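Report on the structure given below.
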Number of protein chains: 2
Amino acid sequence: MMMAGLRERKKEQTRRRISQVALRLFDERGYDQVTVNEIAEAAGVAKVTLFSYFPTKECLATDGVQDDMAAVVTGRPEGCSPIGALRAHCRATAVPLAKDMDVETLITRIRVISSNPALLAAVHGAQMSQRHELAAALADGREPDLTAHLMAAQITAAITTLQEAFFHRLAADASLEQAAGRLAADVEVAFDLLEHGLTHVKGEA
Amino acid sequence: MMMAGLRERKKEQTRRRISQVALRLFDERGYDQVTVNEIAEAAGVAKVTLFSYFPTKECLATDGVQDDMAAVVTGRPEGCSPIGALRAHCRATAVPLAKDMDVETLITRIRVISSNPALLAAVHGAQMSQRHELAAALADGREPDLTAHLMAAQITAAITTLQEAFFHRLAADASLEQAAGRLAADVEVAFDLLEHGLTHVKGEA
DNA sequence: AGCATAAACCATACCGAGTTCAATTACCTA
DNA sequence: TAGGTAATTGAACTCGGTATGGTTTATGCT
C-alpha cells in the first residue's frame, strides 16, 4: 500500500506535460494566439482532460506562480512582528515559486505573463484574494477590523509591486542575479515605507 | 449645427436603456443567470449593438463605478501634498460615481457587484490599472521610480479597502447615511495609517 | 492469477461571450 | 429631396468552458 502508485505518477506526468506544452506554445506565439484545443492536441490529450487539470486557460499560464503570505504570518517565530516576518520572507525568497520549478522555466513563465495584460491582471486578482487571508492572520484570531484589512491591503500591494518590478526587470534585460540583487534592496525600501509611512519619504516634492 | 442632435440623444438614451435593463435583470436573477442575449432582447436591441456600447458583459454591471485618482493628484491646488489631496477627495465623496446616477440605482449596482466574486475581482482589476497612472501623477513629470510605484500601490490598496468596507456595510444592512458616516471616520484611519506607517498602530499585539 | 471497482481518459455535442461582415435603416446636410 | 454617413441588424463564426456518456487501465482484493 502507498507504494508511490503508478497511477499518481502518470497523472503528475500528464499534468507536467500539459503545463510545459502550454508554456512553450504561449512563449512561441503569444497567449492569445494559442487555443486550448491546440494545447490539448499538442499534449496528446482531450480538451476535457486538460480542463480537469487546469480549471481555466489562465491557470495554464500562471501555474506555479503563487505565494501564501498568510502562512508566513501565522507561522512566524516567537517574538516576531508580522511585518518583520514578511520582510524576512521577502528577503529570503526573491520570487515565490513552486518547490520543483527550474529557473529557466520560471523566467519563461514570467515573460509570458508579463507580456499579456489579462494574465497580469489575473495574477493581481489572485493576490487580491490573499488579502483577506492575510487580514485574518494579522488579526490573530479576532475578527479582522478595518485597520487589519488596511494593513493587509497595503502589504499585499507593496509585495505585488516588488514582484512587478522584479518581473519587469527580468523580462527586459537583466540577468537573474542582477534582478535578484536589485530586488534585495527594493525589499528594504518597500518595508521601510510600509512601516514608517509615506510622509517619511526623503526626496519628495 | 451642433444643436443637441437627435442622433446623439437617441444614442445616449439607448445606452441608458441597455444599462438599466441589464442592471434590473442582474438584480432579479443574479449576474451569472442572465445572458447577454436576454439583455439585448429585453432592451430591444441586437447583440452586436449591445457590444458596441459595452465592450464586455462585466462592463454592463460595473458601468459608472469608476474613479480617477490620478486626476485628483494632478489637479490638486497649490501647496497641497498628493496624499493631502487624496484624503480631501475621499472625505468629500463617499463613493466615486458618475455625475448623473441616482442613489437608488447606485445601491442596486453595488448589491449586484458585491454579490458576485468575478465582478468584485473585475472592479479590483480596474483599480489596479489605475495604479500606474497614479504612480505617474505622483512622480510629477519624472519617470516614476520604485518609491512612487510603492506609494501608488499602497494608496490604491487603501482606497480600495475603504470602498470595500463601505460596500459591505451598505449591502448588509446599514442606511446610506450610516454607511457614509462610518466611511468618513474610516477615511481618517486609512490615511493616518498611510502617512505614519504600520508601526504606529496603537493596539497591536 | 483473476476479477470488480473506480479513476483517468476520451469523443462529441453543447452553451455563452464576443467578433466579423454584408446588408439595412435612420439621421443629417447640402 | 438626394446622397453621405453613422447606427443598427441578422446570421454565421470563433473560442473558452461544460455536460454527457462511454472506454481504457491501474489497483485492491480474493
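What you see is a predicted model; the values in this text were computed from it and never measured. The sequence lines fix the lettering, A, B, ..., with proteins before strands; numbering per chain opens at 1.
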For [X] and [N], what is the distance between atoms [atom1] and [atom2] respectively, to the nearest whole Å?
| X | N | atom1 | atom2 | result |
| --- | --- | --- | --- | --- |
| B/Glu12 | C/dC27 | CD | P | 16 Å |
| B/Ile39 | C/dG18 | CD1 | P | 10 Å |
| B/Leu50 | C/dT19 | CG | P | 11 Å |

Margin query: Tell me if a side-chain donor or acceptor on B/Arg76 pairs with a main-chain N or O of B/Val73 at a distance below 3.5 Å.
Written below: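 Here the side-chain-to-backbone pair exists.
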Check: So, the side chain of A/Thr49 versus the backbone of A/Val45: is there a donor-acceptor pair under 3.5 Å, distance only?
Finding: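 Not confirmed, A/Thr49 side chain does not pair with A/Val45 backbone.
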Next item on the list: Spell out protein contact along nucleotides 4-17 of chain C as letters: B when the base is contacted, S when just the sugar-phosphate is, - when no protein heavy atom is under 4.0 Å; keep the 5' to 3' order.
Entry: --BBSSBB-----S
Note to self: For B/Gln33 and B/Glu28: C-alpha separation, side-chain torsions, deciding distance, then whether side-chain contact (heavy atoms from CB on, under 4.5 Å) applies.
What the structure shows: CA-CA 9 Å; B/Gln33 272 58 57; B/Glu28 285 174 2; over 6 Å; no
Next item on the list: Check the pair B/Glu188, B/Arg87 against side-chain contact (heavy atoms from CB on, under 4.5 Å), reporting the backbone distance first and the verdict last.
Entry: CA-CA 8 Å; B/Glu188 306 307 322; B/Arg87 188 196 284 254; 2.7 Å; yes
Note to self: Is it the case that atom CZ in A/Arg169 sees more than 12 heavy atoms from other parts of the structure closer than 6.0 Å?
What the structure shows: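 Yes, enclosed.
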